[in-house]
A.B. asks: 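Sharing a structure, written as structure tokens. Questions coming.
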Amino acid sequence: MSADTNLILQRTYKLWKADLEQGNPNSPMLGPPLLLNVHEDYERAACKILVIGQETFGWQWTQKLRENNPEYPEDWPFADISSWEDFVSQDASVDSLCWAYEQFAFGIRQPQTHRSPFWSAFREIGAWPDTGLMWSNLVRSDYENGSILAAPLQVQNFLRAEEGDLLLKEIAVLKPDVCIFFTGPNYDHFIDGKWPGCTKSAISDHSEYQLARLSHQNLPIHSYRLYHPAYLRRSRQWHFIDLLKDQVIK
């Protein structure tokens, strides 16, 4: 059941946090890390799918939660957490960010976020037969509420070192049948760093940059990387989600 899975996840996060460095000059501009909270729909599903995005674009949680987002049912019950440094320094930060993930509810309580291409694609995948979805990110934190690719190289290297194998541990706990990386080729070096030797092969007669099957012993057999949904929408290539469905749903 999800209660047991969440205890394992929280224990994993707390062990990971205990090894993080406090007060590093590279960390103030990084947002708090994304931490997961599993729901029972995922665990009961015949086909468990982990959708992996790039990074959060703003993941601050403060006492102004309901003032800024009235659709949230509860006030933020923890100390404000607005940065990586807040996460490292606060005693209850793992509990608070797992609670935040649950309350976020895949964007449903933030209308503008809910309408975004990423969450539109997420919901479309969630409508596939007998599926249960979870969401994680390839990169744990954003940089100044935006892409980690905009960060100085030393900040990127700091974050890569601090993240370590946390995503791999999440996958080991969640045991997805399918991993979908909505990360695009610009983030492939993060995939290569986490799964050394991972191979990418094009699906059908398309370029691997559009839709690639990922092969690695520490990934499910059904693991795929395609462009981020924002690009799919801009470039009018949304049909790649249907092509992905053909690979997953037989």
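Computation of the quantities below employed the complete heavy-atom set of this structure, encompassing side-chain atoms and omitting hydrogens, waters and symmetry-equivalent molecules.
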A.B. asks: With clusters defined by side-chain heavy atoms of hydrophobic residues (ILVMFWY) lying less than 4.5 Å apart, directly or transitively, does Phe190 cluster with Phe57?
C.D. replies: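 Result: no, two separate clusters.
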A.B. asks: How close do Asp80 and Asp86 get, counting heavy atoms only, and between which atoms?
C.D. replies: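 Between these two residues, the closest heavy atoms are O-OD2, 4.0 Å.
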A.B. asks: So, Gln90 versus Ser96: side-chain donor-acceptor pair below 3.5 Å or not?
C.D. replies: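 No, Ser96 and Gln90 have no side-chain donor paired with an acceptor closer than 3.5 Å.
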A.B. asks: Can you check side chain to side chain contact (heavy atoms under 4.5 Å, CB included) on Lys14 and Asp95, steps first, answer last?
C.D. replies: CA-CA 9 Å; Lys14 288 175 181 178; Asp95 294 332; 3.5 Å; yes
A.B. asks: Evaluate the ring planes of Phe106 and Phe122, with Trp represented by its six-membered ring, and classify them as parallel (under 30°), tilted (30 to 60°) or perpendicular (over 60°).
C.D. replies: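 Ring orientation, 0 to 90° scale: tilted.
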A.B. asks: Within a reach of under 6.0 Å around CD1 of Ile108, are more than 12 heavy atoms found that belong to other residues, nucleotides or ligands?
C.D. replies: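 Check fails, neighbour count at 12 or below.
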A.B. asks: For Phe118 and Thr113, run side chain to side chain contact (heavy atoms under 4.5 Å, CB included): C-alpha distance rounded to whole Å, both residues' side-chain angles, the deciding distance at 0.1 Å, then the answer.
C.D. replies: CA-CA 9 Å; Phe118 182 88; Thr113 298; over 6 Å; no
A.B. asks: For the residue pair His228 and Tyr187, establish whether any side-chain heavy-atom pair is separated by less than 4.5 Å.
C.D. replies: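 Not touching, per the 4.5 Å side-chain cut-off.
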A.B. asks: State plainly whether the residues Lys194 and Glu163 are in salt-bridge range, i.e. N to O under 4.0 Å.
C.D. replies: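 A salt bridge is present here (some side-chain N lies under 4.0 Å from a carboxylate O).
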A.B. asks: My understanding is that only residues two or more places apart in sequence, or in another chain, count here; which of them pass side-chain hydrogen bond (donor to acceptor under 3.5 Å, both in side chains) with Asp41?
C.D. replies: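 Result, side-chain hydrogen bond (donor to acceptor under 3.5 Å, both in side chains) vs Asp41: Arg44.
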A.B. asks: For Trp238, does the six-membered ring have the charged nitrogen or CZ of Arg233 within the cation-pi criterion, i.e. under 6.0 angstrom from the centroid and within 45° of the normal?
C.D. replies: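 Arg233 over Trp238 ring: yes.
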A.B. asks: Among all residues two or more places apart in sequence or in another chain, which pass the side-chain contact (heavy atoms from CB on, under 4.5 Å) test with Lys169?
C.D. replies: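 Partners of Lys169 under the side-chain contact (heavy atoms from CB on, under 4.5 Å) test: Thr12, Asp165.
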A.B. asks: How many angstroms lie between atom CZ of Arg225 and atom CD1 of Ile180, to the nearest 0.5 angstrom?
C.D. replies: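 The CD1 atom of Ile180 is 13.5 Å from CZ of Arg225, to the nearest 0.5 Å.
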A.B. asks: Compute whether any side-chain donor of one residue and acceptor of the other, for Trp61 and Gln103, lie under 3.5 angstrom apart.
C.D. replies: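 There is no such pair (donor and acceptor under 3.5 Å, judged by atom type) between the side chains of Trp61 and Gln103.
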A.B. asks: Does the plane of the ring in Trp135 sit parallel, tilted or perpendicular to the ring in Tyr101? Use 30° and 60° as the thresholds.
C.D. replies: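 Parallel: the ring planes of Trp135 and Tyr101 meet at under 30°.
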A.B. asks: For the residue pair Gln54 and Thr183, what are the closest heavy atoms and their distance?
C.D. replies: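 Here Gln54 and Thr183 meet closest at NE2-O, 3.1 Å.
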A.B. asks: My understanding is that only residues two or more places apart in sequence, or in another chain, count here; which of them pass side-chain contact (heavy atoms from CB on, under 4.5 Å) with Gln237?
C.D. replies: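 Scan of Gln237 (side-chain contact (heavy atoms from CB on, under 4.5 Å), adjacent residues dropped) gives Gln210, Tyr231, Leu232, Ser235, His239, Phe240.
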A.B. asks: So do Trp195 and Leu168 actually touch side chain to side chain, heavy atoms under 4.5 Å?
C.D. replies: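 Counting from C-beta outward, Leu168 and Trp195 do come under 4.5 Å.
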A.B. asks: For Pro28, which residues count as a side-chain contact (heavy atoms from CB on, under 4.5 Å) partner, sequence neighbours excluded?
C.D. replies: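 Applying side-chain contact (heavy atoms from CB on, under 4.5 Å) to Pro28 gives none.
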A.B. asks: State, to 0.1 Å, how close Asn145 and Gly58 come at their nearest heavy-atom pair, and which atoms those are.
C.D. replies: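 The answer is OD1-CA, 3.4 Å.
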A.B. asks: Checking Tyr143 side chain against Gln156 main chain: does a donor-acceptor pair fall under 3.5 Å?
C.D. replies: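 Not confirmed, Tyr143 side chain does not pair with Gln156 backbone.
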A.B. asks: Under the criterion side chain to side chain contact (heavy atoms under 4.5 Å, CB included), I'd like the reasoning laid out for His39 against Met134: C-alpha separation, chi angles, the key distance, then a yes or no.
C.D. replies: CA-CA 8 Å; His39 54 85; Met134 284 291 293; 3.8 Å; yes
A.B. asks: Hey, mind stepping through Thr131 and Ile125 against side chain to side chain contact (heavy atoms under 4.5 Å, CB included) and telling me if it holds?
C.D. replies: CA-CA 8 Å; Thr131 57; Ile125 294 168; 5.6 Å; no
A.B. asks: Would you mind reporting whether Cys98 and Leu9 have side-chain heavy atoms less than 4.5 Å apart?
C.D. replies: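 SC-SC contact between Leu9 and Cys98 ruled out.
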A.B. asks: Tell me, please, which residues at least two apart from Lys17 pass salt bridge (Lys or Arg N to Asp or Glu O under 4.0 Å).
C.D. replies: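 Salt bridge (Lys or Arg N to Asp or Glu O under 4.0 Å) list for Lys17, sorted by chain: empty.
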A.B. asks: Using a 4.5 Å cut-off on heavy atoms from C-beta on, say whether the side chain of Glu55 contacts that of Ser147.
C.D. replies: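 SC-SC contact between Ser147 and Glu55 confirmed.
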A.B. asks: Is Ile148 close to Leu30 at the side-chain level, that is, under 4.5 Å between some pair of heavy atoms?
C.D. replies: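 The answer is yes; the side chains approach within 4.5 Å.
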A.B. asks: Do side-chain atoms of Glu162 reach the backbone of Asn157 as a donor and acceptor pair under 3.5 angstrom?
C.D. replies: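 Checking the backbone N and O of Asn157 against the side chain of Glu162, no donor-acceptor pair under 3.5 Å is found.
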A.B. asks: Between Trp84 and Leu159, is any pair of side-chain heavy atoms under 4.5 Å apart?
C.D. replies: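 Trp84 reaches Leu159 side chain to side chain.
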A.B. asks: Is a side-chain donor or acceptor of Glu85 paired with a backbone partner of Gly23 at a separation under 3.5 angstrom?
C.D. replies: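 Present.
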A.B. asks: State, to 0.1 Å, how close Leu65 and Glu74 come at their nearest heavy-atom pair, and which atoms those are.
C.D. replies: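 So the minimum-distance heavy-atom pair works out to CD2-O, 3.7 Å.
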A.B. asks: Which pair of heavy atoms, one from Phe158 and one from Ser27, lies closest together, and at what distance?
C.D. replies: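 It is CE2-CB, 3.8 Å.
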A.B. asks: Donor-acceptor pair, distance only, cut-off 3.5 Å: does the side chain of His216 make one with the backbone of Pro196?
C.D. replies: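 Judged by distance alone, yes, a pair lies under 3.5 Å.
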A.B. asks: Identify the two heavy atoms, one from Ser141 and one from Gly31, that lie closest to each other, and give their separation to 0.1 Å.
C.D. replies: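 Shortest heavy-atom separation between Ser141 and Gly31 comes out as OG-O, 2.9 Å.
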A.B. asks: Hey, does Ile171 have a side-chain heavy atom less than 4.5 Å from the side chain of Asn218?
C.D. replies: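 SC-SC contact between Asn218 and Ile171 ruled out.
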A.B. asks: State plainly whether one hydrophobic cluster holds both Leu34 and Ile8, where clusters connect Ile, Leu, Val, Met, Phe, Trp and Tyr through side-chain heavy atoms under 4.5 angstrom apart.
C.D. replies: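 Yes, one cluster joins them.
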A.B. asks: Should we count CG of Asp91 as having more than 12 external heavy atoms under 6.0 Å?
C.D. replies: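 No, the 6.0 Å shell around CG holds no more than 12 heavy atoms from other groups.
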A.B. asks: With a 3.5 Å distance limit and no angle check, can you tell me whether Arg123 reaches the backbone of Trp119 through a side-chain donor-acceptor pair?
C.D. replies: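 Side chain of Arg123 to backbone of Trp119, a donor-acceptor pair under 3.5 Å: yes, one is there.
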A.B. asks: Apply ring pair (Phe, Tyr, Trp, His ring centres under 6.0 Å) to Tyr72 and Trp99, showing your working.
C.D. replies: CA-CA 12 Å; Tyr72 278 83; Trp99 186 90; 8.0 Å; no
A.B. asks: Look at the side chain of Asn6 and the backbone N and O of Asn37, then say whether any donor-acceptor pair between them is shorter than 3.5 Å.
C.D. replies: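 Here the side-chain-to-backbone pair does not exist.
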A.B. asks: Going by side-chain contact (heavy atoms from CB on, under 4.5 Å), name the residues that satisfy it together with Arg213, two or more places apart in sequence or in a different chain.
C.D. replies: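 Arg213 satisfies side-chain contact (heavy atoms from CB on, under 4.5 Å) with Ser201, Ile203, Ile221, His222, Tyr224, Gln247 once adjacent residues are dropped.
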A.B. asks: Compare all side-chain heavy atoms of Trp59 with those of Ile81 and state whether any distance is below 4.5 angstrom.
C.D. replies: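 No; the side chains remain at least 4.5 Å from each other.
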A.B. asks: Verify, without hydrogens or angle tests, whether His189 (side chain) and Asp192 (backbone) share a donor-acceptor contact under 3.5 angstrom.
C.D. replies: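 Not at all, since once roles are kept as given, no pair shorter than 3.5 Å links the two residues.
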A.B. asks: Between Phe87 and Trp16 (judged by ring centroids, cut-off 6.0 Å), do the two rings come close enough to count as a pair?
C.D. replies: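 Yes; Trp16 has its ring centre under 6.0 Å from that of Phe87.
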